[in-house]
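In what follows, chains carry the letters A, B, and so on, assigned in the order in which the sequence lines appear, proteins first and then strands, with residues in each chain numbered from 1.
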Amino acid sequence: MRYAFLMWNNTRMIVLVAVSAAIYAAALAAFKTAIPLIPGITEVRVAGIFLMTFGFLFGPAGAWGLGIGNVIGDLLGGTLGPASIAGFFGNFLLGYLPYTMWLTFFPFAETSYEWNAKNPRSWSAYISINVISSFACAVTIGLMVDALGFVPYAVVSRIIAINNIIGNFLGVILLIAVYDVTKNQLGLLWIDVMRVKPVGLSVRGICGAWIIAIGSIAGICAGFIPGLPTTAIIWSSLMLIILGSLIL
Amino acid sequence: MDIVVSIKSLAFTYQNAKEPSIRDINGEIGDGEYLMIMGHGGAGKSTLCCAMNGIVPRFYNGEYSGNVFIAGKQTTQYNPSDMAKRVGLVLQDFEAQLFSTNVELEIAFGLENIGLPSVEINRRIDRYLDLIGLNGMRKVDIYTLSGGQKQRLAIGSVIAMEPNVVVMDEPTTDLDPVGRQGVLSLAGLLRDGKRTLVMVDNEPDAAVGADKLWLMKDGEMTAQGVPGDYLKDEKLLVSCGVMPLQTISLFRRMNWQGDPLTVEAALELIQKNNLVQYRDRIIWTDSNVFSGNNFIIEAKDLGYRYPGASQDVLKDINFGIKRGEFVAILGQNGSGKTTLAKHFNRLLKPTSGELLVNGKQTTQYRQNELARLIGYVFQNPDNQIFASTVKEEVGFGLKVLGENAKVIEKNVAEALAVTGLEGYENMSPFVLSKGVRQRVAVASVLSVKPEAIILDEPTTGLDYQHQRGSLDMLKRLNKKGHTVVIITHSMWIAEEYADRCIVMKDGEIISDGKTRAVFADEDCLVRASLVPSPIVRLSNRLGTKAMNVDDMVKELSDESIHLQ
Amino acid sequence: MNLSIYSDDKTWLHSLDPRTKLFGTTIVFIVCLCFNHPLHTGAIALCMFALALSAGAQKAIWKLRYIILMLFLFSAMLWPFFTSGKTIVWTWKSLKLTRESILYGLAMGFRLSTFVITGLILMATTKNEEITDGLIKMKIPYPLAFAFSTALRLVPTFVKAGATIVQAQVSRGLDLESRNIISRFGKFIPLAVPMFISAIRYTNLLAMALESRGFSPDMQRTFFYEPTMTKRDWIILYFLAALLFISLYMRIILNMGVVMPGRI
């Protein structure tokens, strides 16, 4: 969590927040009404292809950018409201988990903070984080939106999860295309901008990553299996996700 | 005179770069001086500018050595906000420098950042809006300003912080001639106000008024001194990627005495030394550009209005472009050039009248049929480049049009050969320089082998040599039978390369004809806020036909033979 | 593409301090959340609709009429199947509908419409920069507020760049008119990559220009525009605070306006 706050001391990271928020919001606004799934709540998110690319390349700036970008998307689409808070946190997680779990989500994690399409480790990290971050976002938004009386959890959490997973899968093509130029040409990989070394494998990191993973998976499964105390499980899932995020 | 900027054996190599971007740079700038920096693309001008306000090395990782002193203190010791009070930086891209919604807030932004009280901010807004010629526009929405106004506002908001030095990195490159003139005269005002000014620009006319000129080449300083001394040196300028002054070139080639930097000076010398026999002004009768029926692109009473707008941006447009012509469309920003050109491949559909391609309305084509007939290269190559290799990028059009691998291979190879990109096949287009990326964009349109190719501002941001390189390439294509249409602000390019010019103003065509005829009517060009290049103005005064230095020399030499 | 919902007008809501409107909107949201009986949420919806008319926000509401209608229908139809009450009115196999869950669905329909209408009133009467000003005055850290307002400013720039990129690729033969969702996703890549790269190239320029204007995350900044709270702002805030207090009292102490006690 440290870098998510430290980044506000860096002008270029602040600009990266604005730029990624604007791209995300522009893509959301441009495709908002194209294929709505639940009008006013969610749609087929073409903008989803930016999620992990922002999160991985720009780190904390990508996380804040996605959160703020989603709020701006609501603002421009006319649906700003209490659910925007849920949207902020959910989308923040979509950007937050890729960079925090990249090295810590043992045994799927990468061993260095880079993307290499020829290395199976990069793929295992990408795919596993794709699923976990999509689930974490779905649980967070689903629960809050359900509580506010928007849409039942069982409906919305699945849509969000699937939407994000598809977006991330297609997004890998974007990451492959832009990784090198962002890192080497423009020098905008977040660890270079902030001049930090990301924390490698540590007990704390592994714990954080797995707490989130367990919370996310349990939260999504609770919606599927009948006869469980669903509400209680989902709320504990959310608590795990928050706890894990704070640890990371 | 006090020294404000002092640079001592400065060198910088960007992270991951093989060669240093700048090396062994030394120099001093005195208080109140106006310094001009010129050099080819990649010569290190921008890096030097960034080093003056400490962005190099603060932002960019790399190897830095040497020192830059501003008012006696090293740049590396300033923090950003103190630096902002010392050195103001103005960039080429004016959009990237504006952060607020209205004019007064924009000026205020920097002043708020350095913690000035409202009263002082208000005072400075008044003073500097007056200087940049935007007084009375305090509450105007920045979105509605023209490019030139935006750039002047960007300059104003930097000067309002009253830095010791103002550094402007190619502030006029993205502007049309009127906008450029506005910025240059603002620079003149600053000079008169004894403000220290560093300007990067690649047009030699901007250097005429400077106190000092630095010429850069391959990261090194090749010349430092009074502009007049170096502007005379044709070879030196060309080697640094700067277009030489045409008047100087003419005088050298004719073996005439004198170094006129302007048309007026040249005319005076010619008159004084009686160098040329004045002749009657030629009346250029328009040869029949409108006749014939071999039009590839033809507009009939075309009008266009953007959805929701209250005024037409194109009115009553009639013309026909013949197969094999090389046409330049000229005019200020907002005159409708690009809007018109976007009709050629149906990116826009006329709201009245019609646009015909090969005699058939564009609306009756399918989009991919048009893509094969008309190639369109956008101004900024970055708007289309996406693939991981040059080969893939260039072959993309063929692929989406459903060609087989063999054809793709063959056409791509040809397109790369024409654009001089052999050897780049497997490189990533993103790592290439702007000029090469521009050529990739052209190649990717050429590979489809369109009958006509439209280029929107193909030379913006390129240095003289690369501009020539691109245009020579287009000329070759034209000779091979492609119809070429360029949209441009650059007068000498139209003069030297186009057979025909179409001049637009406020959505209408105000002149259309053979290039020489169009450029003979300076009054008409003035109405479109265009000024022909020095050699053509000279030619118009002398009554010659020539439109470039070579032809002029030939024409005048023939004459002197006759006289003898 | 017109991205702004703001209506250039001078109603009494336009002239309020942005802080009043931000607080006010939040209070209305909370009041909405106090009740889940359709009569109560319906009444609130009606009040907000009347307020929207006096704020000149009807145009914005008309623009989103489809979304509001669909939101209402969706929740009115979905919730009855996902909640349960005591009074059963209809059963079929394992499905059952209760009076309470139907009423809850209706209540939620009204609540969601109110959310959208309230948000629209805020956006129709408050300029983006006023929202930013308001946030800054409410002690949101300046860098965060700056990132927010810059992002807002950049959206139209990027939408325009996006449109140019679409045109550039269409010129090369890219066919964007097919209806197939999957192939559309694939075609998004030749659009997304140039979009990403050109926007990111912009980042370094923006940051340089920013520093050149003395921006630094830890600076001590002054503000040229100082929004001031008028007497009217305070009256409205006191009124809304009272409303909030009454609503909370009704829900928590009197247990009024509830059909589904376990839910917000």
Side-chain angles (χ1 to χ4, degrees), chain B residues 50 53 55 58-59 79-81 83-85 87-91 93 95-97 99-101 104-105 108-118 121-122 143 154 157-158 161 308 342 345 347 367-368 371-372 374-376 378 380 382-387 396-397 400-401 430 444-445 448, chain C residues 1-2 127-130 132 142 146 149-150 152-154 156-157 161-162 164-177 187 189-199 201-226:
Chain B
C50 290
N53 85 339
I55 284 177
R58 192 172 60 246
F59 262 30
N79 64 34
S81 44
M83 188 46 113
K85 290 179 221 161
V87 182
L89 181 65
V90 177
L91 305 167
D93 189 335
E95 301 283 355
Q97 305 174 70
F99 301 94
S100 312
T101 42
E104 64 173 354
L105 276 177
F109 178 72
L111 307 174
E112 294 173 325
N113 287 340
I114 54 174
L116 293 185
S118 291
I121 293 178
N122 205 29
Y143 189 72
S157 49
V158 164
M161 303 181 71
K342 281 185 176 169
N345 69 340
L347 289 173
Q367 186 68 46
N368 51 9
R372 285 176 180 278
I374 312 278
Y376 194 116
F378 277 69
N380 184 352
D382 296 331
N383 282 338
Q384 61 169 72
I385 290 177
F386 75 98
F396 173 72
V400 291
L401 290 172
F430 298 118
S444 69
V445 166
V448 180
Chain C
M1 182 166 157
N2 184 13
K127 285 185 197 154
N128 288 337
E129 62 265 27
E130 287 176 328
T132 318
Y142 182 73
F146 173 81
S149 72
T150 304
L152 267 173
R153 183 185 75 84
L154 288 176
T157 312
T164 309
I165 289 165
V166 168
Q167 288 189 336
Q169 303 299 37
V170 166
S171 299
R172 295 165 78 191
L174 185 70
D175 175 19
L176 289 174
E177 280 155 19
K187 280 167 187 164
I189 288 295
L191 306 178
V193 174
M195 180 78 232
F196 183 92
I197 299 284
S198 49
R201 276 187 202 282
Y202 215 63
T203 303
N204 280 331
L205 292 181
L206 274 171
M208 279 195 232
L210 255 188
E211 293 218 333
S212 180
R213 301 278 290 283
F215 180 95
S216 142
D218 54 359
M219 67 204 162
Q220 291 296 314
R221 201 173 189 278
T222 53
F223 292 90
F224 183 55
Y225 284 177
E226 290 280 352

- Message: Please verify the inter-ring angle class for B:Phe109 with C:Phe215; under 30° counts as parallel, over 60° as perpendicular, anything in between as tilted.
- Response: parallel

- Contact winner vs chain B - C:Gly173, C:Ala209, C:Gly162, C:Pro194, heavy-atom pairs under 4.5 Å: C:Pro194

- Task: Evaluate whether atom OH of B:Tyr143 has more than 12 neighbouring non-hydrogen atoms of other residues, nucleotides or ligands under 6.0 angstrom away.
- Result: no

- Message: For a 4.5 angstrom cut-off between non-hydrogen side-chain atoms, does B:Phe99 reach C:Leu206?
- Response: yes

- Message: With a 4.5 Å cut-off on side-chain heavy atoms, are C:Thr222 and B:Ile121 touching?
- Response: yes

- Correct closest heavy-atom pair for B:Gly88 and C:Ser212 would be C-OG, 3.8 Å

- Note on the structure: Applying a strict 4.5 Å limit to non-hydrogen atoms, the region of C:Leu210 in contact with chain B is both

- Note on the structure: Among B:Ser157, B:Ala154, B:Ala108, the residue with the most heavy-atom pairs under 4.5 Å to chain C is B:Ser157

- Task: Please flag which part of C:Phe196 lies under 4.5 Å from any non-hydrogen atom of chain B: side chain, backbone, both or neither.
- Result: neither

- How far apart are the closest heavy atoms of B:Phe430 and C:Arg201, and which atoms are they? O-NH2, 3.7 Å

- In B:Leu111, B:Leu116, B:Ile114, B:Asn113, the residue satisfying side chain to side chain contact (heavy atoms under 4.5 Å, CB included) with C:Arg221 is B:Asn113

- Task: Measure the spacing between CE of C:Met208 and CZ of B:Arg58 and express it to the nearest 0.5 Å.
- Result: 11.0 Å

- Item | Nearest non-hydrogen partners of C:Leu205 and B:Leu91, listed with the distance | O-CD1, 3.6 Å

- Task: Heavy atoms only, distances under 4.5 angstrom: which of B:Gly397, B:Gly115, B:Ala371 has the most pairs with chain C? Name it, please.
- Result: B:Gly115

- Query: Looking only at heavy atoms, what is the nearest atom pair of C:Gly214 and B:Met161, with distance?
  - Reply: N-CE, 4.0 Å

- Note on the structure: Applying a strict 4.5 Å limit to non-hydrogen atoms, the region of C:Gln220 in contact with chain B is backbone

- Task: Give the minimum heavy-atom separation between C:Arg213 and B:Val158, together with the two atoms involved.
- Result: CD-CG2, 4.0 Å

- Per-residue tally against chain B (heavy atom, under 4.5 Å) across C:Ala161, C:Ala207, C:Ser216 peaks at C:Ala207

- Message: Which one wins on heavy-atom pair count under 4.5 Å against chain C: B:Asp93, B:Asn368, B:Leu401, B:Asn79?
- Response: B:Asp93

- Name the option with the most non-hydrogen atom pairs under 4.5 Å to chain C; the candidates are B:Met83, B:Lys342, B:Arg372. B:Lys342

- If you tally heavy-atom pairs under 4.5 Å against chain B, which of C:Asn204, C:Thr157, C:Leu191, C:Leu154 wins? C:Asn204

- Residue pair B:Tyr376 / C:Gln167, side-chain heavy-atom distance below 4.5 Å: no

- Note on the structure: chain B shares the most heavy-atom pairs under 4.5 Å, among C:Met219, C:Lys127, C:Glu211, with C:Glu211

- Looking at CG of B:Asn380 and CD1 of C:Ile165, how far apart are the two atoms once the value is rounded to the nearest 0.5 Å? 8.5 Å

- Spatial distance of atom OH (C:Tyr225) from atom OG (B:Ser100) [nearest 0.5 Å]: 9.5 Å

- Note on the structure: Residue from B:Asn53, B:Val445, B:Asn345, B:Leu105 scoring the most non-hydrogen pairs under 4.5 Å with chain C is B:Leu105

- Item | Heavy-atom pair with the smallest gap, counting every atom of C:Ala168 and B:Phe378 | CA-CE1, 3.3 Å

- Item | Segment of C:Ile197 engaging chain B (4.5 angstrom heavy-atom cut-off) | side chain

